Undergrad: 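Please read through the structure below; I'll follow up with questions.
Worth knowing before you read on, the calculation uses all heavy atoms, side chains too, and leaves out hydrogens, waters and symmetry mates. Every value quoted in this text rests on a predicted model; they were computed, and no experiment measured them. Throughout, protein chains are lettered first and strands after them, A, B, ... in sequence-line order, and every chain is numbered starting at 1.
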There are 2 protein chains.
Amino acid sequence: MEWKLTDDRPIWMQLSEQMARRIVAGQYPPGSKLPPVRELAADAGVNPNTMQRALAQLESDGLAVSNRTAGRAVTEDAAAIESVRRTMARRITKEFLSAIADLGYTREDALALLKEEEDTHG
Amino acid sequence: MEWKLTDDRPIWMQLSEQMARRIVAGQYPPGSKLPPVRELAADAGVNPNTMQRALAQLESDGLAVSNRTAGRAVTEDAAAIESVRRTMARRITKEFLSAIADLGYTREDALALLKEEEDTHG
DNA sequence: GTTATTGTATTAGGCACTTAGTACAATAAT
DNA sequence: ATTATTGTACTAAGTGCCTAATACAATAAC
């Protein structure tokens with residue numbers, strides 16, 4: 001998954017969320033070392049300060065730990081990662097159902113929309 | 001639907017989206033008159049300038065028209081409204097599927113999440 | 001032991017968003 | 001005809017985000 005950044009939300013928040021997705025999706029396994037701040041920043045095309053803030057948030061969420069000069073690593077607590085993954089999935093699902101309902105669609109409509117989208121894009 | 005505002009995105013953008021949802025959901029029927037800017041602003045608890053910007057966006061989207069001193073009204077083009085509704089629904093659905101996939105879930109998982117959420121919250 | 005790397009902190013500046021306050025022209029309401 | 005309403009425009013100030021540039025301490029790498 002490449003970096004997807006929009007200008008309608010703070011970049012550091014988007015970076016933090018996308019790093020979180022990479023971690024819970026297994027791209028960065030539990031205990032594995034994360035790339036240096038400067039490298040991640042260059043890869044995402046943002047200022048190191050911005051990536052620094054994103055990673056700080058990642059630590060607040062319990063997904064990463066900082067070892068100062070030894071770099072940053074994903075937490076070794078696999079259960080915590082899985083917990084975050086489920087929480088994120090539930091939140092996304094809830095928001096989807098809420099958004100669809102706000103448009104005046106029923107749950108049958110929601111399922112139909114899902115099927116249509118899956119049929120369209122493989 | 002009450003106003004749901006967060007501080008991680010421009011308020012005028014959220015206001016515009018929520019007004020759009022109300023229109024496509026039928027809360028403000030085609031051709032009906034919209035409340036004055038100042039009233040909407042007071043109801044949402046924001047500055048009139050901010051609501052003004054949101055409504056200007058709504059006009060750019062073709063969902064509302066301004067009649068100067070006669071106030072603002074929803075477009076009478078019901079087909080245009082329905083088109084926006086479908087477009088919004090498709091975008092929301094696509095983003096849901098993409099977000100779920102980013103977390104490493106399959107489509108069967110997605111359906112299971114939906115069922116679980118529906119069972120939980122009515 | 002020396003050097004390079006890493007996380008972190010600091011300062012400064014530009015920019016967009018939001019609020020507050022004010023004002024104006026056109027027209028609906030009386 | 002007078003008044004109130006409505007959309008719109010403008011300026012000023014405060015705030016947060018982002019970038020840029022720099023610096024430092026600790027430690028890994030050599």
Undergrad: B:Asp8 CG to C:dA16 C1': how many Å, rounded?
TA: 15 Å
Undergrad: Given atom CG of B:Leu40 and atom C1' of D:dG7, what is their separation to the nearest angstrom?
TA: 13 Å
Undergrad: Would you confirm whether B:Ser16, through its side chain, and B:Met13, through its main-chain N or O, come within 3.5 Å as a donor-acceptor pair?
TA: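 Side chain of B:Ser16 to backbone of B:Met13, a donor-acceptor pair under 3.5 Å: no, none is there.
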Undergrad: Within this structure, what is the CZ-to-P distance between B:Arg53 and D:dA9, rounded to whole angstrom?
TA: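 Going from B:Arg53 (CZ) to D:dA9 (P), I get 13 Å.
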Undergrad: Let me know the distance between CG of B:Leu15 and P of C:dC17, rounded to the nearest Å.
TA: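 After rounding, the gap between these two atoms is 13 Å.
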Undergrad: Can you check side-chain contact (heavy atoms from CB on, under 4.5 Å) on A:Leu40 and A:Leu55, steps first, answer last?
TA: CA-CA 10 Å; A:Leu40 285 172; A:Leu55 295 177; 4.1 Å; yes
Undergrad: Take the protein atom CG of A:Asn47 and the nucleotide atom C1' of D:dT22, then report the distance between them rounded to whole Å.
TA: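 Rounded to the whole Å, the gap is 12 Å.
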Undergrad: Will you find, in the side chains of A:Thr106 and A:Asp109, an N or O donor that is under 3.5 Å from an N or O acceptor?
TA: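 Yes.
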Undergrad: Inspect the contact between A:Glu17 and A:Arg9 and indicate whether a charged nitrogen and a carboxylate oxygen are less than 4.0 angstrom apart.
TA: yes
Undergrad: Are A:Asp77 and A:Thr75 linked by a side-chain donor-acceptor pair shorter than 3.5 Å?
TA: no
Undergrad: For the pair made of CH2 in A:Trp12 and C1' in D:dT19, what is the distance, rounded to whole Å?
TA: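 In whole Å, D:dT19 C1' and A:Trp12 CH2 are 17 Å from each other.
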Undergrad: Should B:Thr50 be listed as having a side-chain N or O under 4.0 Å from OP1 or OP2 of C:dT19?
TA: yes
Undergrad: Checking A:Leu111 now: which residues fulfil side chain to side chain contact (heavy atoms under 4.5 Å, CB included) with it, not counting sequence neighbours?
TA: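 So A:Leu111 forms a side chain to side chain contact (heavy atoms under 4.5 Å, CB included) with A:Leu114, B:Leu111, B:Leu114.
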Undergrad: Quick one: which protein N/O atoms are closer than 3.5 Å to N/O atoms of nucleotides 6-11 of chain C? Pair and distance per line, please.
TA:
residue	atom	partner	partner atom	Å
C:dG7	OP1	A:Arg72	N	3.3
C:dG7	OP2	A:Val37	N	2.9
C:dG7	O4'	A:Arg68	O	3.3
C:dG7	O3'	A:Ser66	OG	2.9
C:dG7	N7	A:Arg38	NH1	2.9
C:dG7	N7	A:Arg38	NH2	3.4
C:dG7	O6	A:Arg38	NH2	2.9
C:dT8	OP1	A:Ser66	OG	3.1
C:dT8	OP2	A:Gln52	NE2	3.0
C:dT8	OP2	A:Arg72	NH2	2.1
C:dT8	O4	A:Arg38	NH2	3.4

Undergrad: Using whole Å, report how far CG of B:Leu5 lies from P of C:dC17.
TA: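 These atoms are roughly 16 Å apart.
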